[in-house]
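What follows is a short report on a single structure.
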Amino acid sequence: MKLLNRLARLFRRRNIDDDLREEMESHLQMRAELNARSGMTPEDAQREALKQFGNRALIHEDTRRIYISAFWEQLIQDARYAFRSFRRTPGFTLTSICALALGIGSTTAVFSVVDRILFRSLPYPHEDRLVSAGVTAPLDTNEFLLAADLRDWQAADTPFESLGSFVIGGSPGGAGCDLTENSPVRMSCAFVDWTFLPTLGVEPLLGRNFTREEDRPNALRVAILSYSLWQSRFGADPNIVGRAISVDTKPVTVVGVLPAMFEMPTLGQDDILFPQALDPASLAHPQTGPSLRVFGRLKPGISIPQTAAAMEPLFQQSLQWVPAAFRNEVKLRIRSLRDRQIQDARTASWVLFGAVITVLLIACANITNLLIARGATRAREFAMRTALGAGRIRLVRQMLTETLLLSFGGAVAGAILAWCLLYVFATAAPAGVPRLAQATLDGRVLLFTIVISLLSSAVFGLGPAFFIPNGATRSAGIGSAATRLRHILVSVQIAASLILLSAAGLLIQTFWNFQKIPLGMQTENLVIGSMVLGQRYTPTPARLSFFRELEEQLPQIHGMISYAIADSVPLLPGGNPFRLLAGIEVQGRPRFAEGTGGNVSFRSVTEQYFSTLGIPVLHGRSFEPADRTTNPSVVIVSETLARRLFNDEDPLGKQMRWNADDPWRTVVGVVGGVKNNPLLSGPDDPEFYVPRPGGAARRVSVVIRTSASASTMANSIRSAVAAVDPALPVTVETMNAYVRRLSDRPRFTAMLLAFFSSAAVLLAGVGLFGVIAFLVARRTQEIGLRMALGATSGSIVVLVLSHTMRWTLFGIVLGLAGAFFVSRSLQNLLFQVSEHDLPTFAITVVGLGAMAVVAAWIPSRRASRIDPMEALRQD
Amino acid sequence: MPDSLQGTLDLLILKTLQAEPNHGFGIALHIQNVSEGLLRVEEGSLYPALHRLARSKLISASWKVTENGRRARYYRLTPAGHKQLEKAAENWADLSKGVAKILRFA
């Protein structure tokens with residue numbers, strides 16, 4: 001109540017000023033009146049009154065000061081006092097602010113990233129009712145739904161208010177999507193149904209959504225542009241709606257522009273939306289139509305488990321179209337949109353957030369320690385102030401003001417640090433960390449900074465305040481309870497840094513393991529150009545002639561050692577086609593009885609593919625030009641596939657096929673295994689190869705082994721492709737760049753944790769150093785006495801070190817116990833390393849022990865140099 | 001011994017207001033007249049003192065119109081003010097008695 005009054009008065013100041021002004025004015029007038037009555041002229045009376053009154057502004061100021069409450073006055077006094085004492089002890093001030101800045105800065109930076117992932121609501125109205133729905137199968141790590149099944153879902157009475165979808169992998173026909181105006185550019189297109197945007201609750205910024213009629217086959221071609229495409233390619237033209245643009249050389253009418261805030265529910269970046277326009281006739285089982293990503297808006301008040309239960313009958317119904325052998329491996333999955341978006345980032349986010357909170361707590365512990373030590377050296381000052389009449393509350397208040405000022409300083413420095421860290425995150429982070437690009441220090445994050453700095457000042461400020469000597473102990477200085485608290489704090493700091501350090505160690509090993517994965521090919525000096533043949537190449541002869549012309553261009557490239565053309569290349573984004581092992585037939589052998597047997601990759605390649613990529617041919621031969629018939633009948637299998645299909649028998653000459661209508665193919669060679677995607681595939685990655693051109697797929701990758709630099713080669717590849725089709729966009733990258741991208745995620749996590757744990761160890765070391773140094777200073781007399789009685793300086797060093805080690809060991813034991821539990825939650829971030837990896841823990845313990853010895857070494861050296869005579873003479 | 005100068009002014013103000021509510025100018029005039037010109041209250045001290053007393057709820061203030069039809073801020077004693085006046089008057093009596101004795105002794 002009192003505080004409210006005080007606040008109210010701050011706002012009422014204008015009233016007080018007005019009152020006062022009027023009061024003084026009426027005083028003057030009355031005086032003037034009196035003067036006039038005694039015979040003065042009105043002017044003289046006025047002048048005399050003014051003269052007598054004196055300096056009005058000064059009186060005003062003096063009177064107003066009455067209303068500045070004692071509260072603010074004391075606060076200002078305390079703050080001024082605190083500043084003076086900070087200036088007297090710059091070492092303390094700087095250390096505390098640096099520690100706090102480190103803690104608050106890293107917490108803020110990480111919060112700004114994980115906030116988007118874990119806490120902040122998604123940019124859709126009522127996003128809590130949005131789910132991603134579908135089935136999971138070994139083909140895909142994410143849930144999907146066949147178009148035919150979606151039609152069934154939409155027709156039935158379900159817990160969904162509405163359902164929307166887009167086609168997986170771009171267009172239903174598998175065509176590319178190029179903007180063919182002026183300078184052609186490859187775009188990323190999404191084919192959505194007309195309920196897609198309404199389900200998400202998104203209204204176009206300009207224009208409108210697709211109509212039901214436009215989402216039918218053979219309708220007029222229409223499109224909705226993304227905000228960024230509208231800005232970058234069409235100069236934010238306000239009249240874009242209704243205009244025709246050229247996509248794959250065909251006119252398309254723009255009907256809308258998406259808002260800037262719009263994002264695809266899978267967080268993909270799409271430039272343009274087209275209607276799916278699926279033919280209803282093609283969507284009757286057993287014809288399934290394309291695979292879709294499906295998103296649903298639940299009716300209000302219905303939970304996800306309820307929805308899953310309600311969808312079970314429909315799911316069972318659709319299962320009957322799945323071959324019996326695979327049914328066990330197909331599951332229904334409905335999960336919140338947020339879970340779909342962040343995928344496996346949840347664990348990493350919590351780990352990082354936990355790590356920075358730990359760093360912050362260690363920093364707070366450090367400052368508590370420093371403040372307690374400071375409290376001891378200030379015992380006399382406090383005793384004096386108590387003697388002069390300062391109450392205990394007043395002293396506590398003084399301490400709290402100081403800690404608040406410190407944490408304010410820490411928060412400002414921390415915000416600057418956070419800004420820098422965020423910049424580093426953004427540049428160092430791999431692609432695919434959800435929402436990292438959006439992370440900024442906005443109001444919400446800064447509010448978080450302020451709250452944590454206030455909380456931390458409460459944490460580190462109240463402890464020392466508790467140890468302000470009261471009247472009874474004012475001469476005694478720091479008590480033994482405070483000393484014990486300080487030791488416990490140091491032990492806890494060591495324990496916490498051990499936990500962080502071991503987690504960092506495990507993640508660094510994970511990163512190394514990723515780097516050491518044998519990929520089965522020689523990745524040096526390989527340059528890859530990738531392109532997708534667009535709509536114009538729909539007739540197969542067009543693709544074949546493109547292929548032929550490209551093959552004439554490539555041998556002319558200067559600096560090329562060898563080249564190959566394939567429909568896909570290992571490690572490239574976009575993956576490669578695959579079959580289920582169970583779908584492959586071997587002549588004279590029954591089919592697999594049960595299960596899918598997992599995925600088998602396949603690709604069509606030219607003759608020099610294996611030699612160019614450095615994949616060894618183990619048995620038999622590579623492809624030969626003669627294999628390039630329009631009806632090829634040969635196949636090459638990888639070592640692991642050979643073992644799976646033929647066990648120990650000689651695979652050469654065996655016959656296999658993967659479509660019942662196809663002719664049998666003869667195995668002519670066995671090659672070494674290659675990792676297509678080490679992050680997804682298991683330890684072996686079975687694969688088979690067919691000769692190109694074969695089916696002449698739309699995706700084309702040119703692989704070149706070269707002695708020239710990557711950039712020259714990039715230009716050569718581009719001009720070779722341009723010589724065939726100047727309108728075709730090409731992506732060129734070295735194989736090693738793709739290899740590096742593999743370990744991007746683990747590198748990033750390991751790097752961050754390594755940074756935070758080093759910060760933790762540094763802080764713990766400083767804390768330990770502070771405590772030991774303080775202890776040595778306090779025990780100067782005792783040490784002097786010991787030396788006078790014959791202790792050598794060596795034995796004094798041992799004395800101090802053994803004291804240090806006692807508390808360090810306590811911390812290490814505590815930390816090991818904690819790390820044992822914490823590392824369990826790291827499990828799914830680790831790769832080929834046990835979460836209880838003994839060497840990691842051993843190295844961590846040894847490292848921390850060494851840190852403790854170093855931190856204690858300087859104070860112990862100082863102790864050993866104490867001159868007994870001087871020490872004993874101290875007061 | 002309380003802060004005697006400030007205490008004295010407070011005492012004079014409270015005493016003046018005991019008779020009847022008055023405005024700042026009236027208080028200053030009253031003190032000057034009753035003390036037959038011996039005491040003159042500076043405006044620079046009067047107004048801070050009035051507002052301080054009002055702030056500590058010993059007197060209350062309200063805007064009224066004077067006999068001459070002028071708006072003025074009138075102060076009146078609160079019950080707490082009455083009590084404080086008694087105490088302050090007593091203290092003053094003691095103080096002046098003590099001072100007088102010392103002066104006589106010298």
Side-chain angles (χ1 to χ4, degrees), chain A residues 1-10 12-38 40 42 45-74 389, chain B residues 1-3 5-7 9-10 12-14 16-17 20-34 37 39-76 78 81 84:
Chain A
M1 211 50 229
K2 244 178 126 181
L3 189 73
L4 272 180
N5 279 337
R6 227 173 259 144
L7 281 175
R9 195 164 299 122
L10 271 180
R12 263 194 283 136
R13 170 151 304 160
R14 237 204 94 63
N15 269 341
I16 293 168
D17 285 342
D18 288 347
D19 270 1
L20 196 55
R21 215 167 284 129
E22 194 179 345
E23 188 176 11
M24 290 194 293
E25 186 59 38
S26 96
H27 182 116
L28 278 173
Q29 293 311 321
M30 287 190 261
R31 169 77 71 192
E33 240 167 71
L34 194 69
N35 289 347
R37 234 179 286 156
S38 66
M40 291 189 199
Q46 198 75 30
R47 201 177 312 119
E48 195 57 27
L50 277 173
K51 215 167 89 187
Q52 222 170 347
F53 196 86
N55 187 340
R56 278 167 81 180
L58 188 66
I59 295 171
H60 191 119
E61 200 53 42
D62 280 351
T63 310
R64 223 190 57 184
R65 193 168 294 155
I66 306 284
Y67 292 92
I68 298 174
S69 79
F71 177 83
W72 296 107
E73 217 168 323
Q74 275 188 16
Chain B
M1 197 164 79
D3 193 342
L5 279 177
Q6 192 182 317
L9 180 56
D10 289 358
L12 296 178
I13 293 171
L14 292 175
T16 308
L17 291 178
E20 53 175 347
N22 209 339
H23 45 74
F25 180 68
I27 295 168
L29 208 60
H30 177 86
I31 292 173
Q32 199 172 343
N33 290 343
V34 172
L39 297 177
R40 212 190 86 70
V41 181
E42 299 278 343
E43 284 81 351
S45 315
L46 177 67
Y47 282 97
L50 279 172
H51 284 258
R52 194 175 47 248
L53 289 171
R55 181 92 215 274
S56 36
K57 308 231 157 54
L58 296 176
I59 59 180
S60 63
S62 57
W63 287 97
K64 279 192 189 131
V65 179
T66 65
E67 300 134 37
N68 300 355
R70 190 178 300 288
R71 247 168 74 83
R73 202 159 133 98
Y74 274 77
Y75 296 92
R76 67 162 66 239
T78 64
Q84 174 66 21

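Letters A, B, ... mirror the listed sequences (proteins, then strands); counts begin at 1.
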> For chain A, which of B/His23, B/Arg73, B/His51 has the most heavy-atom pairs under 4.5 Å?
Replying inline: B/His51

>> Can you see whether A/Glu48 engages A/Gln52 through a side-chain donor-acceptor pair at a distance of less than 3.5 angstrom?
In response: no

> Can you say whether B/Arg70 sits under 4.5 Å from chain A via the side chain, the backbone, both, or neither, judging by heavy atoms?
Replying inline: side chain

> Is there a side chain to side chain contact (heavy atoms under 4.5 Å, CB included) between A/Arg56 and A/Glu25 once you walk through the steps?
Replying inline: CA-CA 10 Å; A/Arg56 278 167 81 180; A/Glu25 186 59 38; 3.0 Å; yes

> Among A/His27, A/His60, A/Glu23, which residue meets the side-chain hydrogen bond (donor to acceptor under 3.5 Å, both in side chains) test with B/Tyr47?
Replying inline: A/His27

> Can you say whether A/Leu28 sits under 4.5 Å from chain B via the side chain, the backbone, both, or neither, judging by heavy atoms?
Replying inline: neither

> Does some side-chain heavy atom of A/Leu34 sit less than 4.5 Å from a side-chain heavy atom of A/Arg37?
Replying inline: yes

